[in-house]
Amino acid sequence: MLAAAPADVPLEGLAELAAAELPVAVDGSVAVGASTRLTVTVHDLYGRVAALGPTGVRVVFTERVSAAELPVDAPLLPADEGWTATVTLPTSKLLRAGRLAAWSVHAELRYADGSTGNAEVRAPQGYVGRRGVVLGRLGRVLLVQVVASARRGLVLRFAGGAVGARQVMSGRFKRLFAMR
């Protein structure tokens with residue numbers, strides 16, 4: 001849960017900010033299998049988001065190497081800590097043949113008046129990255145790692161098949177021997 005702003009911090013000018021300039025916190029949690037499901041929670045830090053009436057979100061997965069984008073839209077629903085939405089896409093869309101793929105996640109919030117605002121989707125407070133193995137179609141092995149960047153941004157990493165597994169293991173061995 002996010003901490004409330006300290007009472008002695010002046011918030012002058014916040015009422016005049018456009019929707020695109022508002023400070024908004026968006027947390028995300030990921031489940032990966034045959035499909036990748038991301039649930040985002042939008043937190044209203046200062047009460048302005050509620051006043052704008054959030055209606056939906058476009059979650060954009062951006063590959064870090066090629067800058068390819070995969071947008072997915074979903075309605076925002078009221079929740080205890082703000083608003084929540086869940087997007088799902090086939091995991092196969094996040095794979096890149098013969099190489100590792102790393103995806104950053106951003107959210108474009110849509111409000112009742114037609115305005116929008118953007119925020120990086122962040123790992124929840126206290127989040128610890130997860131690694132796993134998923135069996136894809138036809139028994140193909142998929143290595144998955146969900147981590148938080150240095151700024152707590154949510155990052156999804158995928159390595160598919162034998163080539164991807166070899167790249168992951170090679171990097172791991174290099175780091176292991178570099179520490180000696």
Side-chain angles (χ1 to χ4, degrees), residues 1-6 9-33 35-96 99-130 144-158:
M1 185 169 166
L2 294 174
V9 174
L11 299 176
E12 296 173 6
L14 190 64
E16 291 80 33
L17 291 178
E21 299 170 321
L22 285 177
V24 178
V26 181
D27 289 341
S29 61
V30 181
V32 179
S35 59
T36 298
R37 186 180 75 239
L38 170 69
T39 300
V40 294
T41 302
V42 177
H43 301 279
D44 193 354
L45 301 177
Y46 304 106
R48 285 289 314 279
V49 174
L52 291 168
T55 59
V57 63
R58 170 172 279 178
V59 175
V60 180
F61 296 84
T62 305
E63 190 191 10
R64 291 180 156 198
V65 172
S66 68
E69 292 185 347
L70 292 172
V72 185
D73 295 313
L76 277 170
L77 304 171
D80 291 339
E81 297 181 20
W83 297 265
T84 187
T86 300
V87 298
T88 304
L89 70 155
T91 299
S92 60
K93 287 189 173 189
L94 298 169
L95 296 177
R96 294 297 179 249
R99 67 177 174 85
L100 300 174
W103 298 83
S104 298
V105 187
H106 286 79
E108 179 183 289
L109 305 173
R110 298 200 170 121
Y111 301 106
D113 65 358
S115 60
T116 61
N118 291 303
E120 179 179 30
V121 176
R122 296 185 174 235
Q125 190 73 17
Y127 176 80
V128 176
R130 289 176 284 170
V144 179
Q145 185 179 28
V146 181
V147 297
S149 70
R151 292 182 14 223
R152 272 191 47 215
L154 204 56
V155 178
L156 289 74
R157 294 180 183 153
F158 297 91

T62 side chain to A67 backbone, donor-acceptor under 3.5 Å:
no

Looking at T84, is its backbone amide N or carbonyl O close enough to the side chain of T41 to form a donor-acceptor pair, meaning the two atoms are under 3.5 Å apart?
no

May I ask you to test the E108-V60 pair for a side-chain heavy-atom distance under 4.5 Å?
no

Here the gap from H43 atom NE2 to E81 atom CD, rounded to the nearest 0.5 Å, amounts to 5.5 Å

Gap separating the CG atom of L89 from the CG atom of L70, nearest 0.5 angstrom
6.5 Å

About how many Å separate CZ of R157 and CD of Q145, when rounded to the nearest 0.5 Å?
5.0 Å

For atom CG of D80, decide whether the heavy atoms of other residues, nucleotides or ligands shown that lie under 6.0 angstrom number more than 12.
no

Euclidean distance, E63 CD relative to L156 CG, rounded to 0.5 Å
12.0 Å

Taking all atoms of both residues into account, what is the closest heavy-atom pair of S104 and R64, and its distance?
OG-NE, 2.8 Å

Residues pairing under salt bridge (charged side-chain N to carboxylate O under 4.0 Å, His left out) where one sits in residues 39-49, two or more places apart or in two chains, turn out to be none

Closest heavy-atom pair and its distance - T91, S35:
OG1-C, 3.1 Å

Please round to the nearest 0.5 Å and tell me the distance separating atom CG of L77 and atom OG1 of T55.
11.0 Å

Taking all atoms of both residues into account, what is the closest heavy-atom pair of A74 and V87, and its distance?
CB-CG1, 3.6 Å

With a 4.5 Å limit on heavy-atom distance, are the side chains of S149 and V155 in contact?
yes

Would you check if R151 and R122 make a side-chain contact, meaning some heavy-atom pair closer than 4.5 Å?
yes

Please report the shortest heavy-atom distance between L94 and A101, naming the atom on each side.
O-CB, 3.6 Å

Within this structure, what is the CZ-CG distance for the pair F61 and L38, rounded to the nearest 0.5 Å?
5.0 Å

Can you name the closest pair of heavy atoms from P124 and G28 and give their distance?
CD-O, 3.3 Å

Can you give me the closest heavy-atom contact between H106 and V121, atom names plus distance?
C-CG2, 3.9 Å

Does any part of the side chain of R58, heavy atoms only, come nearer than 4.5 Å to the side chain of T116, both counted from C-beta?
no

Step-by-step side-chain contact (heavy atoms from CB on, under 4.5 Å) determination, W103 to T36:
CA-CA 12 Å; W103 298 83; T36 298; over 6 Å; no

